[in-house]
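Side chains included, hydrogens not; waters and symmetry mates left out as well; all remaining heavy atoms used. Everything quoted here is computed from the prediction, not taken from an experiment. By convention here, the first residue in the shown sequence is residue 1.
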Amino acid sequence: MVTIASQLAEPFNDAVRALLPEVQVVDIPRGVPAGLPEQTSILIAAPIIVRGARAPERAPSGWPFGLRWVQLGSSGIDFYPRWFLDGLPVTTARGTSSTAIAEFAIAAIFAHAKRLPDIWIHDAQQWALTPLATVQGSTVGIFGFGSIGQALGQKALALGARVIAVRRQGSTAPDLPGVTLVAGIDELVREADHLVLAAPGTAATRHIVNRELLAQAKPGLHVINVARGSLIDNEALLEALADGRVGSASLDVTEPEPLPAGHPFYTHPHVRLSPHTSAIGPHNATELAAKFVRNFNAFTHGTTLEDLVDIHRGY
């Protein structure tokens with residue numbers, strides 16, 4: 001019998017047990033594994049480097065404890081130390097939260113256009129007509145046209161928005177009818193009303209939203225980050241908010257996480273801040289379990305696994 005050690009919560013583990021009754025799924029604590037149950041060949045790993053937690057720079061003695069494959073419980077690999085990703089196949093949860101994250105971005109776009117929650121009134125003296133924008137006819141720019149970007153593009157098109165996007169070089173993702181692919185993020189900021197960051201956090205994307213880029217922004221640009229906080233230079237964003245080049249920012253991710261007490265983002269009138277929660281939805285466990293089972297079948301038949309980590313690419 002194949003033994004799988006899982007650091008994820010019971011809803012996921014139970015879903016895997018239901019889909020793979022012939023395997024043994026053993027619950028183990030989150031964090032850096034100090035050892036694994038006997039005969040374990042697969043590890044399903046929860047994020048390690050989160051909410052200020054650290055991981056040792058070197059692997060613990062005995063790592064990888066006879067493992068043959070590691071499935072990550074996250075789409076990004078920046079939650080794990082480098083040694084965790086070396087030496088054996090590692091796959092990510094990419095795509096399992098795309099709908100939830102895309103819906104969050106759409107909600108942020110609507111909130112900006114309709115001035116929510118500022119439009120709500122609490123007194124008769126506030127009863128006055130307020131002009132609001134429409135999503136229809138606006139331009140949504142998407143930086144990173146993977147599974148999240150494509151899900152978002154479909155939804156934005158359905159709302160009557162113009163959608164332009166940048167995707168990584170060499171991507172084999174299919175074209176989405178109605179979406180215009182452009183050469184770079186500079187073109188997105190010049191044309192977009194809403195700029196959605198949906199690209200992985202890598203060396204190439206670190207602080208890609210910086211002073212030079214924001215200097216080109218369409219006045220009043222709405223920046224939405226559902227990717228990684230490292231994509232944005234925080235000081236540059238605050239400066240652009242102050243002079244009006246950026247009208248507002250909806251940030252589900254920041255650098256660092258959590259932000260320290262007193263950080264300007266907490267109280268800035270034009271920043272909407274949420275605690276990296278856009279991916280959390282009611283279907284996470286079942287979607288990741290289904291993906292894991294597909295990969296388990298590929299693993300047992302010796303075929304290619306989905307979303308293998310490429311450490312040099314950074315995702």
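- Side-chain contact check for Pro47 versus Arg30: some heavy-atom pair is nearer than 4.5 Å.
- Listed for the Lys291 side chain is a donor-acceptor partner under 3.5 Å among the backbone atoms of Arg94.
- Here the OG1 atom belonging to Thr277 is positioned 7.5 Å from the CZ atom belonging to Phe104, to the nearest 0.5 angstrom.
- A donor-acceptor pair shorter than 3.5 Å cannot be found between the side chains of Ser230 and Glu255.
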Intermediate values then yes/no, side chain to side chain contact (heavy atoms under 4.5 Å, CB included), Ile48 and Val32: CA-CA 7 Å; Ile48 296 173; Val32 177; 4.1 Å; yes

Given Leu85 and Leu72, is the side chain to side chain contact (heavy atoms under 4.5 Å, CB included) satisfied, shown in steps? CA-CA 10 Å; Leu85 308 170; Leu72 304 182; 4.3 Å; yes

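- Annotation: the span from Thr254 atom OG1 to Leu259 atom CG amounts to 3.5 Å, rounded to 0.5 Å.
- Looking only at side-chain heavy atoms (C-beta outward), Pro64 and Trp83 stay at 4.5 Å or farther from each other.
- Listed by first and then second residue, the salt bridge (charged side-chain N to carboxylate O under 4.0 Å, His left out) pairs that reach into residues 15-29 are Glu10-Arg17, Asp14-Arg17, Arg17-Asp27, sequence neighbours excluded.
- Residues Val16 and Leu8 are not in side-chain contact: their nearest non-hydrogen atoms beyond the backbone lie 4.5 Å or more apart.
- Note that CD1 of Ile148 is 3.5 Å distant from CD1 of Ile101, once rounded to the nearest 0.5 Å.
- Side chain of His263 to backbone of Phe265: a donor-acceptor contact under 3.5 angstrom is found.
- A distance-only check finds a donor-acceptor pair linking the side chain of Gln150 to the backbone of Phe145 [under 3.5 Å].
- Checking Asp252 against Ser278 by side-chain atom types alone, a donor-acceptor pair falls below 3.5 Å.
- In terms of modelled atom types and a separation under 3.5 Å, the side chain of Asn284 and the main chain of Ala279 share a donor-acceptor contact.
- Under the 4.5 Å side-chain heavy-atom criterion for Ile, Leu, Val, Met, Phe, Trp and Tyr, Leu308 and Leu288 are members of the same hydrophobic cluster.
- A donor-acceptor distance shorter than 3.5 angstrom exists from the side chain of Gln7 to the backbone of Pro29, with no hydrogens or angles considered.
- Side-chain contact check for Arg228 versus Leu197: every heavy-atom pair is 4.5 Å or farther apart.
- Annotation for Val196 and Ala105: closest pair CG1-CB, 4.2 Å, computed over non-hydrogen atoms.
- The CG atom of Leu213 lies 11.0 Å from the CG atom of Leu237; values are rounded to the nearest 0.5 Å.
- A perpendicular orientation is assigned to the rings of His112 and His194, their planes being inclined by more than 60° (bins at 30° and 60°).
- Note that CD1 of Ile185 is 12.0 Å distant from CD1 of Ile142, once rounded to the nearest 0.5 Å.
- Under the rule for a salt bridge (Lys or Arg N to Asp or Glu O under 4.0 Å), the partners of Asp118 that lie at least two apart in sequence or sit in another chain are Arg272.
- Atoms CG and CZ, from Leu231 and Phe143 in turn, are 6.5 Å apart once rounded to the nearest 0.5 Å.
- Between Ala198 and Gly144, the closest heavy-atom pair is CB-O, 3.7 Å.
- Within 6.0 Å of atom CZ in Arg294, more than 12 heavy atoms from other residues, nucleotides or ligands are found, so the atom counts as buried in its surroundings.
- At distances below 3.5 Å, at least one donor-acceptor pair connects side-chain atoms of His301 with backbone N or O atoms of Asn297.
- Contact check for Pro60 versus Phe65: side-chain heavy atoms found under the 4.5 Å cut-off.
- The 12-atom threshold is not exceeded at CD of Glu57, counting heavy atoms of other residues, nucleotides or ligands nearer than 6.0 Å.
- In this structure, the side chains of Leu251 and Ile232 come closer than 4.5 Å at one or more pairs of heavy atoms.
- Looking only at distances, no side-chain donor or acceptor of Asp233 sits under 3.5 Å from a matching main-chain atom of His207.
- In this structure the side chain of Thr202 reaches within 4.5 angstrom of the side chain of Thr205, judged on heavy atoms.
- Under the 30°/60° scheme for interplanar angles, the aromatic rings of Phe84 and Tyr80 are found to lie parallel.
- Closest approach of Lys114 to Leu132, counting heavy atoms only: O-CD2, 3.6 Å.
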Show your reasoning for whether side chain to side chain contact (heavy atoms under 4.5 Å, CB included) applies to Ile28 and Leu43. CA-CA 10 Å; Ile28 63 169; Leu43 171 65; 3.7 Å; yes

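- Of all the heavy atoms in Gly76 and Ser74, the pair that sits closest is O-OG, 2.7 Å.
- Side-chain atoms of Asn210 never come within 3.5 Å of backbone atoms of Ala236 as a donor-acceptor pair (strictly under, hydrogens ignored).
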Going through the distances and angles, do Val253 and Val226 end up as a side chain to side chain contact (heavy atoms under 4.5 Å, CB included)? CA-CA 6 Å; Val253 291; Val226 291; over 6 Å; no

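- Side chain of Gln71 to backbone of Thr92: a donor-acceptor contact under 3.5 angstrom is found.
- Applying the 6.0 Å contact sphere to CZ of Arg68 captures no more than 12 heavy atoms from other residues, nucleotides or ligands.
- Paired with Arg162 under the rule side chain to side chain contact (heavy atoms under 4.5 Å, CB included), one option of Val140, Thr139, Thr180, Val179 passes, and it is Thr139.
- In this structure, Trp69 and Asn295 have side chains that are in contact, with non-hydrogen atoms separated by less than 4.5 Å.
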